[in-house]
Amino acid sequence: MRPFAVTLALLLTLALGVNGLAAWDRGRQDARLRAASAGFHAGQAVLGYRDVDERRFQRARLQAIARPRVVAFGSSRVMEVSTEHAGLAPGEFYNAGMSAATVEDFMALWSILERQGKRPELAWLSVDAWVFNEAKEEIRWLDWSDEVSGFLAGAGMGNALGGRVPDAMLLWYRAKELLSYTVLKTSLADLRRRFDGRRRRGAEVVQALEGAVVPEAELGDRRGLRADGSIVYELEYRRLSTERTREEAARYVIGGRTGLEGFRWNAERAARLELLWRDMRRAGVRVVAWLPPYHPEAWRLIRADPQRAAALAGARRFLEEAAARTGARFLDLSDPATLGCGDGEFYDAIHPRYPCLRRLLERVAAR
Amino acid sequence: MLFSSLEFLVLFLPLTLAVALLLRGQPLLRWIVLSSIVFYAFAGHWWFIVPMLLTTVVDFWVAIAIEGARAQGRRRWLLAVSLAGNLGMLAYFKYSGLLVRTAEQALTALGLEESARFSRWFEVILPAGISFYTFQTLSYIIDVWRGQAPAERNFVRFAGFVSFFPHLVAGPLTRHHQLIPQLARIAATGISPRWREGLLLFSVGLCKKVLIADRLGNLIDPLLAAPLALDAPRAWLALLGYAFQIYFDFSGYTDMAIGLGRLFGIELPQNFNSPYQATSPSEFWRRWHMTLSFWLRDYLYITLGGNRCSPARRRFNLMATMVLGGLWHGANWTFAAWGTWHGLLLVMHQSLPAWDRRLSLFWQRNLTFLLVTLGWVFFRAESFSHAAQWFGSLLGAHGLGGEWTWETMALAGLVLLCLAITRLSRNSLELPLARLGTLSQVGLAGATAAALLLMNYGSKFLYFQF
C-alpha cells in the first residue's frame, strides 16, 4: 500500500505545486492589474482596446469602480453604450459588455459585483440569440469558471446567509481548480511562457492601463475604451458606407456567421440565464433584457431562412416566458423596424450606430 | 454528489469515515444513516430524500405487521399495501413521463394538440436511485411475507440497509440478508476498515470511469449526435465504443461502491463478472449487472412460474421478465425494445442446443459479444428513428468509408484497448489487491492521479438515470 500512497501523494503534490505556483504568479499579475486599473478615471480612455484579455480587464475594473446605479451586460453589440448615452451622471453607469459574451460571463460579472457590494439598481442585458445554440460553443468564459461555479452553487443563498456561504463556495471552487487537468495545462503553459521570457497572459492589459491611457478628448480617430467600459470605435470602422455595410450584412448571413446555424437549443444555458435573473430580482435589482437589432438586410435574410427564423423565435419565446416567471422586463428588438433603424444606422450586420442605439435606450428606459 | 468528485473525496468521505471510526452501536448506525441522507440530498434535488424516507418508514412497519399477522388475508393485504406503495411511487416518478409522452403523441396524431399540451403537467423529475432502493425494499417485504426472513425490528438498522450511501444511487442491488447482518456486526464491534482492498478497488473503479468510460463518451457522443452522417466503420466503432463505455462506467461505479463499502467494513455483492467473456446470452446475464439479474430471477421470473411449466409458458416468462427488466432501466420504449431483444436472445439460446454442441468456445464468445453489442443500439438510441438510422449506418446505408480523423483513430485505439482488457485480463474483483506488487501499485497510483485531475470535468454516471 505504501508505494501506491507515496506515488499518489507525490504526483498530486506536484500538480498542486505547479498550479499553486502559477496561481500565485497570476495573483501577482492581477494585483498589478488592479493597481493600474484603479488609476483609470472618468474622462479617460485606454487606447486601442483590441486583442486584450477582456475577462481579466473586467474583473480588475469591477474591483476598481464605485457602485454604479446601472450596469449593462452583453456582447460587443452593447459595448458602445456610454454614461452619456444612458443619460446618467459619471460613475452611475458601467458597461460590462465583452466580445462574444455569453450567459456564463454575465453570471461571473454579476457575482463579482455582488461580492464587491456593488449591486446596481438596474441591470440591462443585451442577450444574443446565438448564446442558446448548443452547436455554437463559446469557451472563453471558462477563464472564470470558478466564478461561474461559485455563482451556480450559491445562487440565491447570498441574501439568506449574508454572503458567507457563496464566499466559502467560491473559495472551495478556487481550491478545486488546483486539482484540475485543464488548469494544470494552462499553468504549465504560463510557467513555460515565463521561463521562455515571453509576455505573461494579461500583460497587454497592464501595459495598456499603465502606458496607453489618454484623456478621452484626445482619442481622435482611434479606438479606445472609456473608464465606464464603453467603447469608442476607430474612424475607419465608423465611416463604412451604407452600401458596404449592407454587403457586409448580407455576407454575415449568407456566410453562416450568425451563430444560429445548426441551431440546437441549449437548455442548460437557458436555465442558467433564468437563474441569474431570479438571483438579480431576489437581490432587488430591476432587470431589463432585450434581443438586439440586426441590420435590415441581415434581418430580411434571417427571416427568409426558416431554420434561423425558428431559432430566433425560440429564443424570443424563452426570454418572454423567463421574464414573466422572474419579474424581469423583456423587449424583442431584433427586428430593426421596431426601432425604426434603417440601413445607414449600423456599422455592420449586428452593431447599431448611435441614433439606433439611442432609440433602443429610449425603449428600454420607457415603462 | 458523485463518487468521482472532490466534494465527495475531500470533504464528505473523510469526515464520514473519521466520525464513523469513533462510534459504535446505535450512534454508529445513526451516523451512517444521517450521512447517507446528506449524500442523497446532494444527488440532485434535496426533496429526493422524501420518497426514500417514506419507503423506509412504510416498509419497516409493514414488514413488522406482516410478521405479526396470523390471518393469510391480512398478510396478503399488507403485502399489497407495500407493493402498491413502492410500485406506485416508481410508476409515478419513472413511468408517468413515458405514459404522458405516449398519450401526447397519440393525441397529436389524432389532431388534439390542445389536450396533448395539457398532459405535460404530469411530467415529473425522477429521483436518482429510486429504482434501486425500491427493488431492495420490495425484496425485503416479499421475503418477510414468504416467511423466508424475519422482520427487522431496529429502525435505524433498516434505514441503514435502505440508504447506505455506497449502494444507494446506482447499486449494487443489495438484499437484506447481505447487508443487515453486516450492519449489526459493525454496530457491535465498530468499523474495521479494509483500507488496502477498499482504497485500491476504489482507485481501479475511478480509473475505469474517468480514464476509459468518460474518454469513450467524449469521442462517441459527437458521432451519435448525427447517425445519418455515420459511415459503416464509424458506426461500428461508435457501437463498440458504447458497449465498452457502459461497461467501464457502470462496473467502475460498482468497484467504487464496493471499495467504499470495504472502508466501512462492509462487503457489497459482486455486480460484474467479466460479462464480455460470456459464451451465451444466458451466461451474459449471469455476469452482467448480476444483482439485478438475480433479483429479476428470484422475484419476477420464478413468481411467473419460472422453469416449472410448459416450454411455451417458459418462453413467455422469459420474455416478460426481460421486457420489464428493460423498462426498469428507463422510461422509454427503446428500453423495452432492448429488453425484448435480450428476451429473444435467451429464448433463441434455449431453443438451439446446437449453440453449445456445435459452436466452439471462441465462436460462442464472439457471437454472444456481437449480439449483446447490437442490443446496445436500443439502449443508447434516444428514439426508434435514431436506432433505425444507426442500424442503417451499421449496414453501410450512409457510406462505407470516410475520412479518418484524429478522433476516429483515438476511438479505434481505445476500443482495441478495451477489447484487450475485457477479454484478456481479470476483472477488478479477481485482482490480487491484497498483494499487489510495487510496480503495479505505482502504475495504479499514476493512473489514479490522472483520473483525479481529469474528473473535475467528468460526466455523470450513466446508471444514475435508472
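Computed from heavy atoms alone, side chains included, the values below leave out hydrogens, waters and symmetry copies. Quick note on labels: first sequence line is chain A, next is B, and so on, each numbered from 1. Small disclaimer: the values here were computed from a predicted structure and weren't measured.
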The interface call for B/Leu200 against chain A, heavy-atom contacts under 4.5 Å, is side chain
The interface call for B/Leu433 against chain A, heavy-atom contacts under 4.5 Å, is neither
Turns out that what part of A/Arg2 lies under 4.5 Å from chain B's heavy atoms comes down to backbone
**Prompt:** Within 45 degrees of the axis of the six-membered ring of A/Trp24 and under 6.0 Å from its centre: does A/Arg28 put its NZ or CZ there?
**Reply:** yes
- Flag side-chain contact, heavy atom, 4.5 Å: B/Tyr40 against B/Trp46: no
So, the part of B/Ser440 with a heavy atom under 4.5 Å from chain A: the answer is neither
Charged N-O contact under 4.0 Å between A/Arg272 and A/Glu268: yes
* **Check: B/Phe248 and B/Ile421 side chains under 4.5 Å, non-hydrogen atoms** => yes
